[in-house]
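First comes the structure, then the notes that go with it.
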Amino acid sequence: MRTLPYLLLALLLSGCASVSLERDFDPSRDFAAYRTWSWMDDKLAYQPDDARLKSDITEARISQAVAEQLDQRGLRQAADGKGDLKVQSVLIVDERQDQITTQYGGGWGGYWGGYWGGPAFTETRRVDYKVATLQIDLYDARDGKLVWRGSGEQVMRSQPPTPAEREQAIRETVTQVLSQYPPR
């Protein structure tokens, strides 16, 4: 009986395994005019600014995936660092809570009335979990204004992924986020 709550939790979190995408952009901008890009001084920002999140390996994976996806969309990385767009990624990890209520037992009523069965009870548990968001921001290099933002949010697994799984998850998330660029 003790495994039931854990099974329900696993099912709940596995149902949230997909990436939730959002985007926003400045509709007054001519996105066809943007041909090149370069990184902001901080390629990857972390929120919260926590040493446990920061990793040169993660930064390299995200940077490479972003560069590949921008290239596939016809944007070329400026060799001199002076592209039409300035790019920055932000990795955000939030602690969240949810409540799960489970009802057990209870009786059934018969055709002629009456009631039989065991007692009913309800159990409510608080579930703590982490959500990772990868946000990609594109700024106009001339005026420094944000022109496009895309993000992908996903519930993090309780078991740490392998390095290969991390790389694949980053590539898939960046691909999905940048699939919304350029805006149509």
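One-based numbering along the sequence shown.
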query = For the residue pair G81 and S38, what are the closest heavy atoms and their distance?
reply = O-OG, 3.0 Å
message = So which atom in P160 and which in R166 form the shortest heavy-atom distance, rounded to 0.1 Å?
response = CB-NH2, 4.2 Å
Pair R76-D71, side-chain contact (heavy atoms from CB on, under 4.5 Å): steps then yes or no = CA-CA 6 Å; R76 301 296 172 241; D71 187 58; 2.3 Å; yes
key: Donor-acceptor contact below 3.5 Å, side chain R61 vs main chain I170   = no
ask   = Has the side chain of R149 got a donor or acceptor atom that lies under 3.5 Å from a matching backbone atom of L138?
value = no
task = Flag yes if V174 and W39 sit in one hydrophobic cluster, no otherwise; membership is Ile, Leu, Val, Met, Phe, Trp, Tyr, and two members link when side-chain heavy atoms are under 4.5 Å apart.
result = yes
remark   = Of all heavy-atom pairs linking F31 and P182, the shortest is CB-CB, 4.3 Å
query = Heavy-atom count around E22 CD within 6.0 Å, excluding the residue itself: above 12?
reply = no
ask   = Per the salt bridge (charged side-chain N to carboxylate O under 4.0 Å, His left out) rule, which among K145, R29, K86 passes with D140?
value = R29
query = What closest approach, in Å, do L21 and G152 show between heavy atoms, and which atom pair accounts for it?
reply = CD2-CA, 4.0 Å
message = To the closest 0.5 Å, what do you measure between CD (E167) and OG1 (T58)?
response = 10.5 Å
key: Spacing of CD belonging to Q180 relative to CZ belonging to R23, to within rounding of 0.5 Å   = 6.0 Å
ask   = In terms of hydrophobic clustering (I, L, V, M, F, W, Y; side-chain heavy atoms under 4.5 Å; direct or indirect links), are L178 and F25 co-clustered?
value = yes
query = Side chains of Q176 and E172: do they bring a donor and an acceptor to under 3.5 Å?
reply = no
query = Does any non-hydrogen side-chain atom of Y46 lie less than 4.5 Å from one of E59?
reply = yes
key: Shortest non-hydrogen separation from Y129 to V155 and the atoms involved   = CD1-CG1, 4.1 Å
inquiry  = Any carboxylate oxygen within less than 4.0 angstrom of a Lys/Arg side-chain nitrogen, looking at K54 and D49?
reply    = yes
ask   = Are D94 and R96 within salt-bridge range, i.e. N to O under 4.0 Å?
value = yes
query = Do V66 and K43 pass the side-chain contact (heavy atoms from CB on, under 4.5 Å) test, and can you show the C-alpha distance, the side-chain angles, and the key distance before you say yes or no?
reply = CA-CA 10 Å; V66 168; K43 285 185 198 184; over 6 Å; no
key: Qualifying ring-ring contact (aromatic ring centres under 6.0 Å, His included) pairs with a residue from residues 147-179, counting only residues at least two apart or across chains   = W148-Y181
query = Just how far is it from atom CD of Q99 to atom CZ of R125, taken to the nearest 0.5 Å?
reply = 10.5 Å
Cluster check L134, M156: I/L/V/M/F/W/Y, side chain < 4.5 angstrom = yes
task = Answer yes or no: are there more than 12 heavy-atom neighbours, outside D50 itself, under 6.0 Å from its atom CG?
result = yes
query = Taking C-beta and beyond as the side chain, do D26 and L146 meet within less than 4.5 Å on heavy atoms?
reply = no
query = If only atom types and distance count, is the side chain of Q69 paired as donor or acceptor with the main-chain N or O of S179 below 3.5 Å?
reply = no
query = Quick check: does any side chain N or O of T36 sit under 3.5 Å from a backbone N or O of D84, one acting as donor and the other as acceptor?
reply = yes
ask   = Just by modelled atom types, is the Q135 backbone N or O under 3.5 Å from a matching donor or acceptor in the S151 side chain?
value = no
task = Enter the distance from L44:CG to I136:CD1 here, rounded to the nearest 0.5 Å.
result = 10.0 Å
ask   = Does atom CD of Q159 have more than 12 heavy-atom neighbours, drawn from other residues, nucleotides or ligands, at distances under 6.0 Å?
value = no
ask   = Does CG in D56 sit with more than 12 non-hydrogen atoms of other residues, nucleotides or ligands closer than 6.0 Å?
value = no
ask   = Transitive ILVMFWY cluster of V90 at side-chain heavy atoms under 4.5 Å: who else is in it?
value = I92
ask   = Between atom CD of E68 and atom CD of Q77, what is the distance when rounded to the nearest 0.5 Å?
value = 11.5 Å
inquiry  = Strictly distance-based, threshold 3.5 Å: is any side-chain N or O of D98 a donor or acceptor partner for the main-chain N or O of V127?
reply    = no
remark   = dist R126:CZ -> I100:CD1 (nearest 0.5 Å) comes out at 12.0 Å
request  = Might you point out which heavy atoms bring P48 and V93 nearest each other, and give the distance in Å?
outcome  = CD-O, 3.4 Å
